[in-house]
2 protein chains.
Amino acid sequence: MNALNSLTQEELGSAAQRERRKRILDATIALASRGGFDAVQMRAVAEQADVALGTLYRYFPSKIHLLVSALGREFERSQAAMAGKPIPGETPEARVNYVLGRTTKILQKDPNLTEALTRAFMFADASVSTEIHHVGMMLTSVLTEAMGTRTGDAEPTEEEIAIARVIGDVWLSSLVGWVTGRSSATDVETSMSVAVRLLLR
Amino acid sequence: MNALNSLTQEELGSAAQRERRKRILDATIALASRGGFDAVQMRAVAEQADVALGTLYRYFPSKIHLLVSALGREFERSQAAMAGKPIPGETPEARVNYVLGRTTKILQKDPNLTEALTRAFMFADASVSTEIHHVGMMLTSVLTEAMGTRTGDAEPTEEEIAIARVIGDVWLSSLVGWVTGRSSATDVETSMSVAVRLLLR
DNA sequence: GCCATAATAGGAACACGTTCCACTTCCCGT
DNA sequence: ACGGGAAGTGGAACGTGTTCCTATTATGGC
């Protein structure tokens with residue numbers, strides 16, 4: 001259907017193809033986790049996934065597509081792991097801070113992986129917009145959910161969505177500063193607290 | 001003094017060296033303006049600046065250093081052009097919106113250049129922190145100046161600096177979305193208005 | 001089962017950032 | 001003026017993302 005975008009899960013007919021795709025993403029995550037963005041080399045991914053280089057490019061048309069797709073999968077996995085559980089905190093500010101703090105802590109545990117995925121996200125151009133949009137929506141919805149009342153069935157207001165977008169932007173910028181070694185993990189948490197306090201007052 | 005950082009203007013003794021540095025940055029801007037990040041090829045820069053490739057790398061140890069340095073020079077130039085002139089607008093919100101709107105308009109006029117510089121900025125790692133910090137400080141100070149009273153001699157408060165940083169982060173994220181073709185120039189202006197309204201209320 | 005077509009393997013080739021080397025030119029201290 | 005070290009030249013070479021080509025293998029319709 002679309003040669004410019006990576007093959008998504010659904011349009012992969014055979015089980016062998018879904019298996020290949022999984023192997024490729026697993027190899028990507030493993031290499032990224034070991035050595036970051038630079039260690040995710042297309043030849044290495046192909047070899048570790050036991051797939052030819054040309055096949056890798058058939059599934060993911062660029063290194064950026066590959067990494068952003070891997071980011072999307074990890075994000076989904078992480079979201080699924082905590083779906084349904086209520087977010088602790090009495091106020092929107094407390095809950096958003098909780099979510100951001102926990103996520104930041106997870107990312108700190110695997111700096112190389114975080115670096116690889118964040119860099120890919122920031123470097124992605126329009127040809128990756130589908131995958132980027134997917135991740136962006138997940139991020140915004142996590143934040144609006146944390147901001148809203150915990151019943152969860154009500155749609156977030158326009159204002160809440162706008163605030164969530166701003167928080168997401170600040171978070172991305174801070175993350176870039178961290179993964180590129182320009183600021184510390186503590187700096188990220190501080191930035192986020194400040195932004196949340198300013199926006200949710 | 002520092003082999004990892006690019007040679008700054010001050011530590012360049014001879015006039016011939018300052019002239020070379022200027023030619024290199026001019027070539028960088030010209031190529032970026034014509035074809036964006038990808039068009040800034042080190043061989044092309046060297047040739048257009050009439051300098052050997054090795055010399056280019058002596059002045060700027062990587063393509064990223066080169067582009068971020070060029071960004072710093074352009075930023076300074078633009079700041080110098082409007083120094084002293086009072087910023088129109090009765091409220092901090094209006095003044096900040098004015099500054100952001102004008103800057104966004106300037107950037108829109110040369111999308112390729114903006115793309116090249118923004119991408120370099122987001123891709124820069126710790127080895128470029130000096131240059132990055134330089135640009136970051138200029139950006140924050142432009143914003144605090146717009147936020148403060150127009151007398152200008154008073155230092156900005158901690159709160160103002162924090163708000164300026166958040167606005168800067170949102171601006172960068174939006175800019176990345178724009179230069180990578182994921183959002184329109186109008187989207188950038190909208191994002192910024194929303195962020196400014198939320199932060200300066 | 002058999003054929004047409006698509007998918008994959010395997011790997012050469014190319015582009016561009018980066019490094020390196022041998023040689024030349026410039027510039028400063030004496 | 002000159003000798004020596006720093007700076008510059010020109011270009012080869014290397015690594016990695018990307019493209020491309022041919023041979024082989026899987027797949028789906030008859």
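The chains referred to below are lettered A, B, ... by the order of the sequence lines, with proteins before strands, and numbering in each begins at 1.
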If you only use heavy atoms from C-beta on, which nucleotide in D:dT9, C:dT18, D:dT18 is closest to the side chain of B:Arg20? D:dT9
Less than 3.5 Å apart, any donor N or O on the side chain of B:His133 or B:Thr130 sitting next to an acceptor on the other? no
Whole-Å gap separating P (D:dG17) and CG (A:Leu31): 11 Å
Want to settle it: does B:Ala16 or B:Gln41 sit nearer the 5' end of DNA chain C, counting the closest nucleotide to each? B:Gln41
Please work out if B:Val45 contacts a base, only the sugar-phosphate, or nothing of the nucleic acid, heavy-atom cut-off 4.0 Å. nothing
Nucleotide of C:dT18, D:dT18, D:dG8 approaching B:Arg58 most closely (side-chain heavy atoms): D:dG8
A:Met42 atom CE is separated from C:dG10 atom P, nearest whole Å, by 17 Å
From the list D:dT18, C:dT8, D:dG11, which nucleotide is the closest neighbour of the side chain of A:Leu53? D:dT18
Using side-chain heavy atoms (C-beta onward) and a distance below 4.5 Å, is B:Ser184 in contact with B:Asp187? yes
Without decimals, in angstroms, what is the distance between B:Asp50 CG and D:dG8 P? 13 Å
Using the six-membered ring of A:Phe123, assess whether NZ or CZ of B:Arg119 lies under 6.0 Å from its centre and within 45 degrees of the ring axis. yes
Between atom CD in A:Glu47 and atom P in C:dG10, what is the gap in whole Å? 11 Å
Tell me: NE2 of B:His65 to C1' of C:dT19, nearest whole Å? 16 Å
With the side chain of A:Tyr57 defined as its heavy atoms from C-beta on, choose the nearest nucleotide among D:dT19, D:dT9, C:dG10. D:dT19
From CZ of A:Arg18 across to P of C:dA7 the rounded distance in Å is 15 Å
Note: for A:Asp38 and A:Gly54 on DNA chain D, the residue whose nearest nucleotide lies more 5' is A:Asp38
Would the base of C:dG17 count as contacting B:Arg43 through its side chain, where contact means a donor and an acceptor less than 3.5 Å apart? yes
Atom CD in A:Glu47, atom CG in A:Leu31: separation rounded to 0.5 Å? 9.5 Å
Please state how far atom CZ in A:Phe123 lies from atom C1' in C:dG17, giving the value in whole angstrom units. 12 Å
Just N and O in the side chain of B:Tyr59: are any of them under 4.0 Å from OP1 or OP2 of D:dG8? yes
Whole-Å distance between C:dT19 P and B:Leu56 CG? 12 Å
Below 4.0 angstrom, N of the basic side chain to O of the carboxylate: do B:Arg21 and B:Asp26 qualify? no
